[in-house]
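Since the structure is predicted, the reported quantities are computational estimates derived from the model, not experimental observations. A, B, ... follow the sequence lines: proteins, then strands. Residue 1 opens every chain.
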4 protein chains.
Amino acid sequence: MTTAAEPEARRSPRPRADALRNRERIVAAAREIFVEEGPEAPLDEIARRAGIGNATLYRHFADRNALVLDVVLSVLSSTADRAEAAAAQEGDPFAALRAFVHAAADERIGALCPMLSGSFSFDRADLRAARARLEGDIEGLMERARQAGRLRTDVAVGDLMVALSQLTRPLPGTGCLNMDQFVHRHLQLFLDGLELPARSVLPGSAATLEDLRRATS
Amino acid sequence: MTTAAEPEARRSPRPRADALRNRERIVAAAREIFVEEGPEAPLDEIARRAGIGNATLYRHFADRNALVLDVVLSVLSSTADRAEAAAAQEGDPFAALRAFVHAAADERIGALCPMLSGSFSFDRADLRAARARLEGDIEGLMERARQAGRLRTDVAVGDLMVALSQLTRPLPGTGCLNMDQFVHRHLQLFLDGLELPARSVLPGSAATLEDLRRATS
Amino acid sequence: MTTAAEPEARRSPRPRADALRNRERIVAAAREIFVEEGPEAPLDEIARRAGIGNATLYRHFADRNALVLDVVLSVLSSTADRAEAAAAQEGDPFAALRAFVHAAADERIGALCPMLSGSFSFDRADLRAARARLEGDIEGLMERARQAGRLRTDVAVGDLMVALSQLTRPLPGTGCLNMDQFVHRHLQLFLDGLELPARSVLPGSAATLEDLRRATS
Amino acid sequence: MTTAAEPEARRSPRPRADALRNRERIVAAAREIFVEEGPEAPLDEIARRAGIGNATLYRHFADRNALVLDVVLSVLSSTADRAEAAAAQEGDPFAALRAFVHAAADERIGALCPMLSGSFSFDRADLRAARARLEGDIEGLMERARQAGRLRTDVAVGDLMVALSQLTRPLPGTGCLNMDQFVHRHLQLFLDGLELPARSVLPGSAATLEDLRRATS
DNA sequence: TATGAATGAGATTTCATTCAT
DNA sequence: CATGAATGAAATCTCATTCAT
């Protein structure tokens with residue numbers, strides 16, 4: 001939930017409500033447009049969607065990269081929220097992991113992929129913290145599933161994050177909308193590859209195991 | 001479809017060997033650069049890599065989209081070649097499918113994703129034919145694996161193609177190179193989710209099944 | 001801050017001490033920054049250096065030109081102070097002129113040059129007065145030197161002012177600091193061209209005359 | 001006279017006459033406009049004066065600095081031409097030096113000053129060569145005058161170059177035109193400070209010496 | 001035909017100035 | 001009255017596409 005860009009000392013006594021609102025609007029608009037058009041989308045269009053002038057955008061974000069970083073921060077934060085909500089669920093640990101993965105897709109986490117490449121730097125402490133929080137949350141979900149014998153032990157948190165990002169990555173120009181139906185299906189298939197059958201199941205035919213496995217999803 | 005038997009119309013008096021070579025060079029250079037820099041790469045850079053002037057590129061391709069279409073055609077064709085080579089393999093049908101998937105990754109098929117979006121159109125007959133050929137080839141591989149009881153029956157050819165594309169999609173700016181190690185790993189995990197155990201395996205513990213599964217890759 | 005003592009006329013109810021102080025701070029900051037960065041320096045930077053908000057700057061000065069005019073006024077005034085201090089010196093009148101010229105360089109009078117061009121206007125009475133005062137002061141110094149036979153009679157006050165401005169004009173980006181050593185040397189050479197030998201010196205060899213001349217500096 | 005920007009090997013067999021003409025036009029227009037408006041003048045205006053599109057300017061010069069460097073080169077070269085012409089003169093060596101200084105003013109050498117500051121670098125070999133050539137030419141003129149006993153021996157080539165630059169430095173916005181009358185006068189005064197009387201003159205009154213001195217100019 | 005050159009449209013970014021708190 | 005925020009206009013630079021050699 002930390003969306004503040006400057007984690008340093010408070011210069012201005014009051015950040016002025018309308019400026020904060022504008023800043024949030026810009027990040028929200030940028031997030032939408034990055035999802036729809038990719039990270040090369042014109043900043044003017046973002047400003048237009050946010051309902052402000054282009055120079056206002058530059059008052060809040062020194063350059064494109066600064067805006068991208070805050071969008072990344074926003075997505076990391078809301079995705080971590082999802083992970084923590086999933087962890088709070090009762091019941092089968094692998095089901096919780098599945099629930100998180102599909103929820104993360106709805107956060108459009110895949111739109112981050114191209115932003116994490118190239119000149120991306122995790123210099124800022126808030127970014128490092130957000131990433132660490134998300135990784136910790138996911139690792140928690142995975143570890144619970146591993147302890148329950150429901151997750152392959154040879155799969156690391158990075159494997160899941162990269163695959164999740166790539167499989168939910170939007171195509172530029174399409175707004176990603178027509179892919180939605182497929183995305184969840186592909187995530188499901190991928191998770192199927194990570195899952196181990198529930199322990200309580202007695203050894204039986206492979207066909208039976210597979211049937212059980214599929215039934216859990 | 002011109003079988004070169006008809007000296008009739010004066011359409012293309014002679015394709016002129018060097019012009020053909022130039023055209024191929026351009027497509028090859030474009031394919032490389034699209035993989036390295038994404039589909040927004042400057043056309044001048046493509047011309048430079050091809051060793052020709054930029055205007056020559058425009059003599060062969062009316063605009064960026066025409067070039068993209070030919071690159072798509074090129075990738076579809078060489079990927080279909082891979083699929084047919086995999087189909088020619090003896091042995092386990094699922095192993096053949098795996099072999100194809102990893103080979104397709106080496107064709108950088110993921111670089112096509114962004115090109116298929118937006119203004120992309122499958123108007124041209126040659127494109128439709130190339131896509132149909134590739135889909136037919138993959139469907140053949142999958143059907144053989146299904147018949148052998150090695151592939152889940154609820155997975156369609158489109159599922160595999162989209163997942164394959166997304167998981168191998170390069171990140172802009174990175175040249176995709178540092179991801180190579182991960183790409184094959186993620187493909188493997190995804191295929192694990194599609195695979196059914198070989199029929200001949202006797203019922204055993206789940207751990208044993210998993211070990212076998214992993215051993216096949 | 002409002003001591004609320006005089007409810008008299010509503011013209012300028014009171015200049016309010018802090019407002020006056022702000023105005024002076026702005027002019028001082030502007031003068032520094034104009035010297036360091038030239039007359040195109042961003043006004044926001046001036047406001048920052050003055051320790052106030054940019055809008056406050058605009059409350060005091062309608063536009064950039066109004067600020068420039070007050071900086072000109074400031075430099076003219078402090079330079080005239082220097083001229084009057086030099087005039088108060090005892091001794092050789094040409095030495096007094098020299099003292100003034102070098103002192104004026106320390107006032108960074110050369111930074112004014114670009115401000116005097118272009119849209120500059122001497123509309124304001126206070127500016128005309130300040131310029132007249134400075135010209136009068138310099139003319140006084142020169143006339144005394146002329147009367148003493150120490151200054152060429154074909155050199156006017158304008159000659160000296162322009163040359164002084166140009167030779168001390170700062171280079172943008174350098175902060176003028178690394179030129180300081182040269183500036184005084186060039187002023188000295190220039191003044192050498194204006195000087196006549198002291199009357200009391202008997203006719204002698206040119207070399208001797210030159211030695212004397214140099215000894216005075 | 002070397003105006004080529006790339007002293008390396010010849011890539012293109014023919015530089016194409018119209019492109020060369022454009023390049024020269026751009027440099028000429030830039031030189032004019034830098035003199036009139038200073039080195040911050042909009043590049044679009046330069047392109048307009050040169051009669052070309054703005055992108056053409058960027059084809060020839062990667063950025064503003066590259067253009068500035070070529071203007072510097074142009075001014076250094078034509079000024080060195082002037083110095084060599086002055087050196088070819090018969091007669092009094094100091095008169096030759098004077099002739100050069102006034103000729104250099106007509107080359108607007110002072111417009112270089114702001115361009116030599118800040119991020120300026122003499123990286124390019126052609127620039128170093130042009131500067132060395134000019135310095136050598138001026139040193140030659142000065143040394144001849146020193147040998148003839150007509151120039152103060154405590155004045156170096158750098159002194160003359162900086163003073164010459166500063167005294168002829170144009171004011172932005174004015175086009176420097178209204179200053180022309182003064183510029184030559186101030187150069188004359190400055191040179192008067194560097195001059196020693198002709199050796200043949202017998203010792204006499206200072207007034208007489210001065211009269212002679214003035215008569216030479 | 002192939003090419004280097006030219007071009008206009010668009011993107012990013014800066015800054016003087018105005019607005020609202 | 002003082003301020004941070006907002007804004008539009010302008011400047012730099014890029015790039016797809018057309019032109020002329």
Side-chain angles (χ1 to χ4, degrees), chain A residues 11-23 40-47 50-67, chain B residues 16 18-19 22 40-48 51-65 67, chain C residues 1-2 13-16 18-19 22 40-48 51-65 67, chain D residues 11-23 40-47 51-67:
Chain A
R11 277 294 154 67
S12 48
R14 263 176 302 165
R16 231 171 94 165
D18 58 343
L20 275 184
R21 194 173 51 240
N22 273 344
R23 190 183 179 91
E40 318 282 326
L43 296 191
D44 280 17
E45 192 178 343
I46 293 172
I52 57 163
N54 63 347
T56 301
L57 193 153
Y58 280 94
R59 160 166 292 272
H60 288 283
F61 304 97
D63 54 12
R64 169 179 228 99
N65 199 51
L67 175 58
Chain B
R16 243 176 75 169
D18 59 343
N22 274 346
E40 318 281 327
L43 295 191
D44 280 19
E45 193 177 342
I46 293 173
R48 206 176 321 120
I52 58 161
N54 60 351
T56 303
L57 190 154
Y58 279 92
R59 177 157 298 276
H60 287 284
F61 303 97
D63 55 10
R64 166 178 229 103
N65 197 52
L67 174 58
Chain C
M1 303 300 171
T2 60
R14 225 172 328 155
R16 241 173 78 168
D18 59 342
N22 273 347
E40 318 281 328
L43 295 191
D44 281 18
E45 193 178 341
I46 293 173
R48 208 177 319 122
I52 58 162
N54 60 351
T56 304
L57 191 153
Y58 278 91
R59 177 158 298 276
H60 287 284
F61 303 97
D63 55 9
R64 167 179 229 102
N65 198 51
L67 174 58
Chain D
R11 277 297 155 68
S12 49
R14 265 175 302 165
R16 234 170 90 166
D18 58 343
L20 276 184
R21 194 174 51 241
N22 273 343
R23 190 185 178 92
E40 316 282 326
L43 296 191
D44 281 16
E45 192 179 343
I46 293 172
I52 57 163
N54 63 349
T56 302
L57 192 153
Y58 281 93
R59 161 166 290 272
H60 288 284
F61 304 96
D63 54 10
R64 167 179 230 101
N65 198 51
L67 175 57

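- The side chain of Ala19(A) has dA5(F) as its nearest neighbour among dA6(E), dA5(F), dT13(E).
- The shortest distance between the side-chain N/O atoms of Arg64(D) and the OP1/OP2 oxygens of dT12(F) is below 4.0 Å.
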Inset, instruction - Would you sketch DNA chain F in dot-bracket for me? Only Watson-Crick or G-U wobble pairs with both distances under 3.5 Å count, crossing pairs as [ ], other-strand pairs as |, the rest as dots. - result: .||||||||||||||||||||
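- For the pair Gly51(B) and Ile52(D), nearest-nucleotide mapping onto DNA chain E gives the more 5' position to Gly51(B).
- Between dA5(E) and His60(D), no contact under 4.0 Å exists linking OP1 or OP2 to a side-chain N or O.
- Separating the CG atom of Asn54(D) from the C1' atom of dA9(E) is a distance of 10 Å, rounded to the nearest angstrom.
- Atom CG of Leu57(D) and atom C1' of dC15(F) are 16 Å apart (whole Å).
- In this structure, CD of Glu40(D) is placed 20 Å from P of dT13(E), rounded to the nearest angstrom.
- Residue-to-nucleotide proximity on DNA chain E shows that, of Ala41(C) and Asn22(B), the 5′-proximal contact is made by Asn22(B).
- Per the geometry, CZ belonging to Phe61(D) stands 14 Å off C1' belonging to dA5(E), to the nearest Å.
- Taking atom CD1 of Ile46(C) as the reference point, atom C1' of dA16(E) lies 12 Å away to the nearest angstrom.
- Which of dG4(E), dA11(F), dT3(F) sits closest to the side chain of Pro42(D) comes down to dA11(F).
- Of all nucleotides listed (dT17(F), dA11(F), dT12(E)), dT12(E) comes nearest to the side chain of Tyr58(A).
- Using a 4.0 Å heavy-atom criterion, one finds that Asp63(B) contacts the sugar-phosphate atoms exclusively.
- Contact between Arg64(A) and Glu40(A) at its shortest, heavy atoms only, is NH2-C, 3.1 Å.
- Rounding to whole angstrom units, CG of residue Asp44(B) and P of dT17(F) are separated by 11 Å.
- Nearest nucleotide to the side chain of Leu43(B), out of dA16(F), dC13(F), dC19(E): dA16(F).
- Residue Arg59(D) places no side-chain N or O under 4.0 Å from the OP1 or OP2 atom of dA6(E).
- Of all heavy-atom pairs between Tyr58(C) and Leu43(C), the closest is OH-CD1, 3.3 Å.
- Side-chain N/O atoms of Thr56(D) include none lying less than 4.0 angstrom from OP1 or OP2 on dA5(E).
- The minimum heavy-atom distance between Leu57(C) and Ile52(C), with the atom names listed, is N-CD1, 3.9 Å.
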